[in-house]
A.B. asks: 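Can you keep this structure in mind? I'll have questions shortly.
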Amino acid sequence: MRAGHEGTGPGVITPDGCAVEFYARLPVGEEPDIVAAAVPAGARILELGSGVGRVTHPLLERGFKVTAVDESAEMLERVRGARTIRSAIEDLDLGETFDVVMLASFLVHTGDIEVRRGLLGACARHVSAGGCVLIQREGEDFHANVPRERVDPSGFTVRVVSVEPVGDGVNSVHVTYEFPDTTWTQTIHSRPLTQGQFEEALTEAGLKVDSYLTPDRIWVRAVPMD
């Protein structure tokens, strides 16, 4: 397991505490629509942290060419129709570039600053000169509005149970996912980033914000610096 991460519940748990079976149950959200509206039709996409393909598969259906990267073999076994590569994101170096690089699932908020540098470095390394990087940030109240819960229309409940400081600006975030037949939990180390801190991290990696794609500024399109 990655330091500070753990998960419980049925099935395989990945190094960052994700339950493969839980992610296989998740419905498709708004992500494919956000991506499709922000990038050229038919673009070549490098999806970093693809998981089981919840976003991968809708993007393929929309005509995008997707290379899906994940460090979990069990996650990648669920991906269909895309080129798959098993690797930790921060170690990835494919020697090729893509029209679009995606870093979703709030991965940019990893508690480990060196890992974050590695993640953004992988984004910068793999985006083409005229391409873009799409990043999903945490919402502004992610660490403050606790405890909270959301009932998904498909019938399960997400509860952010606690957010506890563990030092150096990092919080331990504990979440439960409750279905009628079972429950999964996940604990992660997450580092809150103001908009300014986020943009500074991009600059360090040789990237800059092109636009915030959603009113809550959770989805961001970044581009290589001149």
Side-chain angles (χ1 to χ4, degrees), residues 1-2 4-38 45 47-62 64 66 68-82 84 102-110 134-164 171-190 192 213-219:
M1 301 296 293
R2 289 179 177 261
H5 293 244
E6 63 179 344
T8 67
V12 174
I13 305 295
T14 67
D16 58 357
C18 293
V20 175
E21 295 299 331
F22 163 66
Y23 281 92
R25 291 191 185 195
L26 274 184
V28 176
E30 63 180 358
E31 295 95 332
D33 293 332
I34 292 172
V35 173
I45 298 177
E47 184 184 6
L48 302 176
S50 66
V52 297
R54 182 179 64 88
V55 178
T56 316
H57 298 141
L59 291 177
L60 290 170
E61 291 169 1
R62 286 164 167 79
F64 296 104
V66 184
V69 177
D70 204 279
E71 67 179 341
S72 166
E74 292 85 1
M75 287 284 198
L76 289 177
E77 285 174 0
R78 308 295 184 102
V79 177
R80 298 288 181 267
T84 59
M102 287 176 54
L103 185 70
S105 303
F106 316 130
L107 292 176
V108 72
H109 289 273
T110 175
L134 303 184
I135 301 171
Q136 185 182 26
R137 304 170 60 222
E138 293 173 342
E140 292 181 359
D141 66 347
F142 184 84
H143 292 259
N145 180 22
V146 179
R148 66 180 181 272
E149 71 175 47
R150 175 181 65 85
V151 179
D152 191 89
S154 64
F156 68 94
T157 300
V158 180
R159 289 190 174 91
V160 180
V161 178
S162 63
V163 173
E164 300 175 357
N171 291 332
S172 178
V173 181
H174 182 65
V175 184
T176 66
Y177 309 99
E178 298 181 7
F179 286 76
D181 61 335
T182 193
T183 296
W184 284 278
T185 74
Q186 185 175 14
T187 300
I188 63 170
H189 275 188
S190 177
L213 300 175
T214 51
D216 55 16
R217 296 190 294 277
I218 287 177
W219 277 92

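The structure presented is a predicted model; accordingly, all values stated were derived computationally and were not measured.
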A.B. asks: Output, in order, the C-alpha distance, side-chain angles, deciding distance and verdict of side-chain hydrogen bond (donor to acceptor under 3.5 Å, both in side chains) for Thr157 and Glu149.
C.D. replies: CA-CA 7 Å; Thr157 300; Glu149 71 175 47; 5.4 Å; no
A.B. asks: Between Thr176 and Thr185, is the side-chain hydrogen bond (donor to acceptor under 3.5 Å, both in side chains) condition met? List the steps.
C.D. replies: CA-CA 4 Å; Thr176 66; Thr185 74; over 6 Å; no
A.B. asks: Decide side chain to side chain contact (heavy atoms under 4.5 Å, CB included) for His189 and Asn171; before the verdict, give the C-alpha distance in whole Å, the side-chain angles of both, and the deciding distance to 0.1 Å.
C.D. replies: CA-CA 6 Å; His189 275 188; Asn171 291 332; over 6 Å; no
A.B. asks: Mind listing the closest non-hydrogen atom pair of Gly29 and Arg54 along with its distance?
C.D. replies: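 Looking at all heavy atoms of both residues, the closest pair is N-NH1, 3.3 Å.
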A.B. asks: Would you say the side chain of Pro147 lies within less than 4.5 Å of the side chain of Val160, judging by non-hydrogen atoms?
C.D. replies: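 Of all side-chain heavy-atom pairs linking Pro147 with Val160, none is under 4.5 Å.
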A.B. asks: Is there a side-chain contact between Leu26 and Tyr177 in this structure, where contact means two heavy atoms from C-beta onward sitting under 4.5 Å apart?
C.D. replies: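 Side-chain contact under 4.5 Å: no.
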A.B. asks: Return the minimal non-hydrogen interatomic distance between Ser190 and Val173, and the atom names on each side.
C.D. replies: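 Looks like CB-CG2, 4.1 Å.
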A.B. asks: Should the heavy atoms of other residues, nucleotides or ligands under 6.0 Å from CD of Glu140 be counted, would the total exceed 12?
C.D. replies: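 Open.
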A.B. asks: Among side-chain atoms of Ser172 and Glu164, is any donor-acceptor pair under 3.5 angstrom?
C.D. replies: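 Not at all, the side chains of Ser172 and Glu164 share no donor-acceptor pair under 3.5 Å.
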A.B. asks: Looking at Val66 and Ala82, what are the two nearest heavy atoms and their distance?
C.D. replies: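 Scanning both residues, the minimum pair turns out to be O-CB, 3.3 Å.
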A.B. asks: Measuring from atom CH2 of Trp219 to atom CD1 of Ile34, what distance do you get when rounded to the nearest 0.5 angstrom?
C.D. replies: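 These two atoms lie 6.0 Å from each other.
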A.B. asks: Tell me, with the steps shown, if Leu60 and Arg62 meet side chain to side chain contact (heavy atoms under 4.5 Å, CB included).
C.D. replies: CA-CA 5 Å; Leu60 290 170; Arg62 286 164 167 79; over 6 Å; no
A.B. asks: What is the minimum heavy-atom distance between Gly155 and Pro180, and which atoms define it?
C.D. replies: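 Answer, listing the atom of Gly155 first, then Pro180: O-CD, 3.7 Å.
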A.B. asks: Just verifying a value: how many Å separate Glu138 CD and Asp216 CG, rounded to the nearest 0.5 Å?
C.D. replies: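 If I round to the nearest 0.5 Å, the distance is 12.5 Å.
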A.B. asks: Which heavy atom of Tyr23 sits nearest to which heavy atom of Val52, and what is that distance?
C.D. replies: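 Heavy-atom minimum between the residues: O-CG2, 3.5 Å.
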A.B. asks: Using the ring of each side chain (for Trp, its six-membered ring), is Trp184 parallel, tilted or perpendicular to Phe179, with breaks at 30° and 60°?
C.D. replies: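 Ring orientation of Trp184 relative to Phe179: perpendicular.
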A.B. asks: Report yes if the side chains of Phe64 and Pro32 come closer than 4.5 Å at any heavy-atom pair, otherwise no.
C.D. replies: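 No. Closest side-chain heavy atoms not under 4.5 Å.
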A.B. asks: Once you round to the nearest 0.5 Å, how far does CD of Glu47 lie from OG1 of Thr84?
C.D. replies: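 These two atoms lie 11.5 Å from each other.
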A.B. asks: Can a donor-acceptor pair be found between the side chains of His5 and Asp16 at a distance below 3.5 Å?
C.D. replies: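 On atom types as modelled, these side chains do not qualify, holding no pair under 3.5 Å.
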A.B. asks: Rounded to the nearest 0.5 Å, how far does CG of Leu48 lie from OG of Ser105?
C.D. replies: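 Interatomic distance, Ser105 OG to Leu48 CG, rounded to 0.5 Å: 10.5 Å.
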A.B. asks: Mind listing the side-chain donor-acceptor pairs of residues 73-80 below 3.5 Å, one per line with the distance, residues two or more places apart or on another chain?
C.D. replies:
unit_1 : atom_1 : unit_2 : atom_2 : d
Glu74  : OE1    : Ser72  : OG     : 3.3
Arg78  : NH2    : Glu21  : OE2    : 2.5
Arg80  : NH1    : Glu77  : O      : 2.5
Arg80  : NH2    : Glu77  : O      : 3.3

A.B. asks: Work out which heavy atom in Thr182 is nearest to a heavy atom in Pro10; give both atom names and the distance.
C.D. replies: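 Shortest heavy-atom separation between Thr182 and Pro10 comes out as OG1-CG, 3.2 Å.
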A.B. asks: To the nearest 0.5 angstrom, please state how far the CG atom of Leu213 sits from the CG atom of Leu134.
C.D. replies: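 The distance works out to 6.5 Å.
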A.B. asks: Exactly one of Leu59, Val69, Ile135 should register a side-chain contact (heavy atoms from CB on, under 4.5 Å) with Met102. Which one does?
C.D. replies: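 Looking at Leu59, Val69, Ile135, the match for Met102 under the side-chain contact (heavy atoms from CB on, under 4.5 Å) is Leu59.
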A.B. asks: Determine whether the side chains of His174 and Ser162 contain a donor N or O and an acceptor N or O closer than 3.5 Å.
C.D. replies: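 The answer is no; no qualifying pair exists.
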A.B. asks: Any chance you could measure Glu61, atom CD, to Thr56, atom OG1, to the nearest 0.5 Å?
C.D. replies: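 The CD atom of Glu61 sits 11.0 Å away from the OG1 atom of Thr56.
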A.B. asks: Is any side-chain N of the basic residue among Arg25 and Asp152 closer than 4.0 Å to the acidic one's carboxylate O?
C.D. replies: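 Salt bridge between Arg25 and Asp152, a charged N being under 4.0 Å from a carboxylate O: no.
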A.B. asks: Relative to Phe142, does Arg148 satisfy both conditions: NZ or CZ under 6.0 angstrom from the six-membered ring centre, and within 45 degrees of the ring's axis?
C.D. replies: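 Arg148 over Phe142 ring: yes.
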